[in-house]
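What follows is one structure encoded as structure tokens, with my remarks underneath.
We're numbering straight along the sequence, starting at 1. Atoms within a ligand are numbered from 1 in the order they appear, just like the ligands themselves.
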Amino acid sequence: MRSNVDVGPVGEAVHAASAGVAAMVAATRGGDLRWVSHDALAALLVQTRALQARLESVALAAVREVDVRGSYVSDGALSAGAWARMHARVTPSEATAMVRTARVLGSGAAPGTADALAAGEIDAGHVRVIAAAVQQAPAGAVAVIEPEVLEVAREADPRAVAAVMRRFTDALDPEAADAAALARYARRGITLAALPDGTMHISGLADEVTASVVATAIDAASPPVTGDSRTAAQRRMDGLADICRRYLAAPDAPRAAGGHPQVILTLDAATLAGPGSGHGGPGGTLSWVGPVAGSTARRVACDAEVTMVLIDQHGRVTHEQVQRRLFTPAQRRAMIARDGDRCPVPFCDRPVAWSDAHHLRAWGEGGPTTVANGALPCAAHHTLLHEGGWSLHRQPDGRYLIRHRDGKTIGPEPHPPGHHRPTPHPRR
Ligand SMILES: [Zn+2]
Ligand SMILES: [Zn+2]
């Protein structure tokens, strides 16, 4: 299907360019770049990008020519986009952008843009953004916009170009801008897709105002801390979860049927009692996500604001809608005063703001909900304490250690950073 361009001046030029590029590739792959100065490497990047841009203008001209002729049908393609996809091996959306850009450049609607790309002054990415906006811009607007847009494109990335285009077109046609804003707003949405393994795929699209609110809140709720090993994505999810927990715990949260909206965990008595009772139980069921492991169920039951429905082995409801506020805010404050504002697990530096309340001796094993039996491990360590087989122990001097069920012990840390200890009085 592919044949060489071997006819006429275009063919000769492609041949010469190929020879030049081949020489460049051979030289760089031969290791010649090792002797090139840092500044020259930057120049090389700029020059090769410019060459790519100029080649893009040639490629787009080819797409345009086939589009105008309609000759894509001779390859069995139903559109110029399908034809471009066939030969350029790009995604459908890239092919669509390619054809749109080729049409705009070929139409003469944006002559300065076509010249700048052909001169290698701006990139294909810039031109795609400009072409998309030109297609939607009112007649005559492009001539007004183009010089300033190109000035930005020579200096900045395509996002900056898109911002300038949007401001211009919005100002030129406020009604169209409003309609476009409404259309973007209508596309908003969030999808919560429960997956077979119990996790949930959360995805969505936000209009610009909502996006700004959501991003600001998640950013504020997910600051990195010293020694933070979480990825940015993990921090954002922790931040979002923190926002949601606070919302559900807030006294003015909207009422759901029957009272406060709550995460509901259903688990049987054996699961609640845990492995200490001789059997771990079959696990629990959590609202929205379904079955969870026994240790996960006990971790959820360990923290506050859970409504539990206790069902015995015979399926009888023994306690219906028992409202258990496990640790009160006052108890949490007392624990922070005692243990400091950091996770008590040795060598962890996470702030208590993202902590769960934990029963040192499990609630299901008779551990009381008291400050003496409580601690505030970070959510990650709380997970390790329940699902990971570790237990947390406070020593008489107030420092903590963790012990795995196989006997391994970590801690106590010699000088826990958050731990509050009275300063000895200096001797006179
Ligand atoms: Zn716990
Ligand atoms: Zn921790």
Item to complete: Kindly confirm whether the Zn ion (ligand 2) is within less than 2.8 Å of some N/O/S atom in H382?
Response: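 Checking H382: none of its N, O or S atoms is under 2.8 Å.
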Worksheet item: Given SG of C378 on one side and SG of C343 on the other, what angle do they make at the Zn ion (ligand 2), to 10°?
Response: 110°
Worksheet item: Is R159 paired with D157 through a side-chain N to carboxylate O contact shorter than 4.0 Å?
Response: yes
Discussion item. Could you identify the N, O or S atom of H358 positioned closest to the Zn ion (ligand 1)?
Written reply: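 Of all N, O or S atoms in H358, the Zn ion (ligand 1) lies closest to ND1.
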Worksheet item: Do E387 and T296 have a side chain donor and acceptor closer than 3.5 Å?
Response: yes
Worksheet item: Counting heavy atoms not belonging to Q395, are there more than 12 under 6.0 Å from its CD?
Response: yes
Fill in: For the Zn ion (ligand 2), the closest N/O/S atom belonging to H381
ND1
Worksheet entry | Pair S37-D39, side-chain hydrogen bond (donor to acceptor under 3.5 Å, both in side chains): steps then yes or no | CA-CA 5 Å; S37 73; D39 289 348; 5.7 Å; no
